[in-house]
Amino acid sequence: MRKIMGIYLAAGSSRRMGVNKLALPLKHSTIGSLGLESALSSRLDGMIVVVRKEDGLEWIAPALRSNTKKNWWNLVRCGIKNQGQAESLKTGVRKAIQLQTDAIVIMLADQPFVTKEIIEDLIRQYERLDTAFVAARLQGIIQPPVLFSCRVFPSLLSLEGDQGAKSLLDNHQIGKGSFIDFKNECLFLDVDEMQDYENAKKYTSS
């Protein structure tokens, strides 16, 4: 049985929002906690949560902080500031290698509507096809979350600055992958600015 873990990237500075966006209330919880809830209810074998060194974790719902399912928590603090998304991602990948993980699902903490079903669709397709990656796609555009086989870990560790994992997919550098197309754009809403937050609240009230 392959060990598949999630990497939850939560080390951003919320610069465009002006406040800690992950702690903003949404539905019954916070922006940052909703994706973690989906991950916890999925088949993932655990989560590597990458946060800033000074993060007080107030954005994580108490019920999730106390969860001990399958040693689910692996909290990793990214100690290098202002090095862009790549350093946060590499921090998570190094932990995944340490935990002898066969594949990872990279998730963004500011995508509150990613569901258990999306995560499990990626896992099932990977188990069926054994490709280098399985990516979600909306209207032909790759969206997080993305599943990567451990074969891709060296390429992920080569990223620099603000390069995210998507840059490897765009440049076709990592071998054959597969895609799953989705139609509901709400599922992939990325909360970066206050207008995004207002839109998220509208989605939850509709």
Between [X] and [Y], does any side-chain N to carboxylate O distance fall below 4.0 Å?
X    : Y    : answer
R94  : E87  : yes
K3   : D102 : no
E127 : R43  : yes
D192 : K21  : yes
E117 : R124 : no

Whether the side chain of [X] engages the backbone of [Y] through a donor-acceptor N/O pair (distance < 3.5 Å, no angle test) should be reported.
X    : Y    : result
E160 : A86  : no
S88  : L9   : no
S33  : A61  : yes
T131 : F133 : yes
R137 : I180 : no
S149 : V152 : no

On a heavy-atom basis, which atom in [X] and which in [Y] lie closest, and how many Å separate them?
X    : Y    : result
E185 : Q139 : OE1-NE2, 4.4 Å
L44  : A39  : CD1-CB, 4.1 Å
P145 : M107 : CB-CG, 4.0 Å
A109 : A10  : CB-CB, 3.6 Å
A136 : F188 : CB-CE2, 3.8 Å
T30  : A23  : CG2-O, 3.7 Å

Validation row, ring centre F148 to ring centre Y126 under 6.0 Å: no
Residue among V50, L157, L156 satisfying side-chain contact (heavy atoms from CB on, under 4.5 Å) with K90: L157
The single option from I48, I104, I106 passing side-chain contact (heavy atoms from CB on, under 4.5 Å) against V93: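 The side-chain contact (heavy atoms from CB on, under 4.5 Å) with V93 is passed solely by I104 among I48, I104, I106.
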ILVMFWY cluster, L57 and L36 together (side-chain gap under 4.5 Å):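 Yes, L57 connects to L36 through the hydrophobic network.
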Joint hydrophobic cluster, V19 plus Y197, side-chain heavy atoms closer than 4.5 Å: yes
Pair Q195, N199: side-chain N/O donor-acceptor within cut-off below 3.5 Å: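 Per modelled atom types, Q195 and N199 side chains form a pair under 3.5 Å.
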